[in-house]
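Here's the structure we're looking at; comments come further down.
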Amino acid sequence: AVALVLLVGAGLMVRSLQRQLGVDPGFDPKGVLRARLVLPQQPTLSPPQAHARRLQFIEELRTRLLAIPSVQSVAIGSDLPLGGSSNAAFIFVPDVNDRFRYYRHYVTPEYFSSLSIRLVRGRPFTQADRDTIPKVAIINESTARRIWRGTDPVGRRLRLGGPDGPEVTIVGVVVDARFRDLTTPLATSEPDVYFAMAEASTRNLHVAVRSSLPPEQLATAVRREVAAIDPTIPLFGVRPLAELLAQQTARGRFGS
């Protein structure tokens, strides 16, 4: 009887692990180094001035990282898949006259291509997406299916916060990238909405550097380039992005 209980428990654990290992994360972590940093507060600057200063730092950092030998692409955003720091808010969708809680992600134009998050409809962000009216956004596939039910959402409008909030135009749809975990059903998960970093920046930055070399070999060079811009800004959470994905199944793999 005890052996039967152990066998059933082991079978359920292995099946659960198999389901986790079979989940498509929606991005490719191989060859990507991830790092985090927080830009200093600048209370003497107005919000537009602080935004411009952050964009200047982001562009200089991107240029410097791309100049490192072996680096193929650089993504900078307010968060990365499975990296934590996702920020939630509310959107109002006039097409269905309803409000939804969603997760917002501020990203640079190269974000999707660098992480291999595939665009399935519309267009990605470009350098021209800067101070546009209305602002632009990209949503994930689950959000498109959940709200528009098969209708093309590109060109549709959203409102931030509520019915009277700022208007945003959807310009693209990307595959579902797992930002929080590998187990939450996408059909019921809160929408993921991406905004152009040039239109709404943040002090908390996640950097992803894709290289032909092992990610561990890039850490020193990445730290050096950040210090060259501002030596008072420390990097933390410097690790291969693949480790964040492996961490999601670590307990199940150890148990099995």
Side-chain angles (χ1 to χ4, degrees), residues 26 38-39 41-42 45-55 58 75-81 83-112 115 117 119-180 184 186-206:
V38 179
L39 298 180
Q41 289 184 331
Q42 297 173 318
L45 300 181
S46 66
Q49 290 173 328
H51 172 64
R53 189 71 60 85
R54 288 192 292 266
L55 292 185
I58 289 170
I76 301 177
S78 57
D79 58 348
L80 290 175
S85 302
S86 292
N87 190 277
F90 285 92
I91 51 171
F92 179 79
V93 184
D95 289 339
V96 294
N97 194 33
D98 200 359
R99 193 171 76 142
F100 298 86
R101 185 176 183 267
Y102 78 103
Y103 287 96
R104 56 189 174 192
H105 315 282
Y106 304 115
V107 304
T108 55
E110 307 82 13
Y111 188 89
F112 302 114
L115 296 175
I117 299 176
L119 182 75
V120 296
R121 191 173 296 121
R123 67 168 179 85
F125 293 130
T126 69
Q127 297 297 337
D129 294 319
R130 182 185 297 266
D131 300 325
T132 58
I133 298 178
K135 296 183 182 298
V136 295
I138 292 175
I139 62 174
N140 62 342
E141 280 187 298
S142 290
T143 303
R145 286 192 296 266
R146 177 181 175 183
I147 298 178
W148 285 275
R149 303 181 182 277
T151 304
D152 187 358
V154 174
R156 305 279 184 169
R157 301 294 178 91
L158 306 172
R159 287 192 176 273
L160 304 180
D164 301 322
E167 199 170 51
V168 177
T169 300
I170 299 172
V171 296
V173 180
V174 295
V175 298
D176 297 318
R178 293 280 185 167
F179 274 85
R180 292 162 289 284
T184 301
L186 292 172
T188 57
S189 179
E190 286 90 349
D192 284 300
V193 183
Y194 303 87
F195 300 95
M197 182 74 79
E199 293 192 328
S201 60
T202 175
R203 292 175 52 235
N204 297 282
L205 299 177
H206 290 234

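Quantities reported herein were computed from a predicted structural model and do not represent experimental measurements.
Classified by interplanar angle (parallel below 30°, tilted 30° to 60°, perpendicular above 60°), the ring pair Y111/Y194 is tilted.
Side-chain contact between V136 and R123: present, with at least one pair of heavy atoms (C-beta onward) separated by less than 4.5 Å. The shortest side-chain heavy-atom distance between Y102 and L158 does not fall under the 4.5 Å cut-off. Residues V93 and D98 form no side-chain contact, since every pair of their non-hydrogen atoms from C-beta on lies 4.5 Å or further apart. Counting heavy atoms from C-beta on, the side chains of L115 and P81 come closer than 4.5 Å. Looking only at side-chain heavy atoms (C-beta outward), V107 and M197 stay at 4.5 Å or farther from each other. Using a 4.5 Å heavy-atom threshold, the side chains of I91 and L160 count as touching.
Within a 6.0 Å radius of CZ in R53, no more than 12 heavy atoms belonging to other residues, nucleotides or ligands are found.
Here the side chain of T184 pairs no donor or acceptor atom with the backbone of S189 at under 3.5 angstrom. Proximity of a side-chain donor or acceptor of R203 to a complementary backbone N or O of L39 within less than 3.5 Å is detected. Formation of a donor-acceptor pair under 3.5 Å by the H105 side chain with backbone atoms of L80 is not found in this model. Using modelled atom types, one side-chain atom of D176 and one backbone atom of S142 make a donor-acceptor pair closer than 3.5 Å. Distance alone, capped at 3.5 Å, places no donor-acceptor pair between the R121 side chain and the E141 backbone.
For the atom pair OG1 of T169 and CZ of R156, the computed distance is 12.0 Å after rounding to the nearest 0.5 Å. With rounding to the nearest 0.5 angstrom, the OG1 atom of T126 is 10.5 Å from the CD atom of E110. Between atom NZ of residue K135 and atom CG of residue D129 there is a gap of 10.5 Å, rounded to the nearest 0.5 Å. In this structure, Q42 CD and Q49 CD are separated by 9.5 Å, a value rounded to the nearest 0.5 Å. Atom CG of D95 is separated from atom OG1 of T151 by 8.5 Å, given to the nearest 0.5 angstrom. Rounded to the nearest 0.5 Å, atoms CZ (R180) and CG (D79) are 8.5 Å apart.
A cation-pi arrangement, defined by a distance under 6.0 Å to the six-membered ring centre and an angle within 45 degrees of its axis, is present between R101 and Y103. A cation-pi arrangement is present between R99 and F90, with the terminal nitrogen or guanidinium carbon under 6.0 Å from the aromatic centre and inside a 45° cone about the axis.
The two residues P153 and I170 come nearest to each other via the heavy atoms O-CB, 3.7 Å. The two atoms that bring I138 and P124 nearest to each other are CD1-CA, 3.9 Å, heavy atoms only. In terms of heavy-atom proximity, S78 sits nearest to H206 at O-CD2, 3.3 Å. When every heavy atom of I147 is checked against every heavy atom of V96, the shortest pair comes out as O-CG1, 3.7 Å. V173 approaches L119 most closely through the heavy-atom pair O-CD1, 3.4 Å. Taking both residues in full, the closest heavy atoms of A196 and F125 are given as N-CZ, 3.6 Å, listed atom of the first, atom of the second, then distance.
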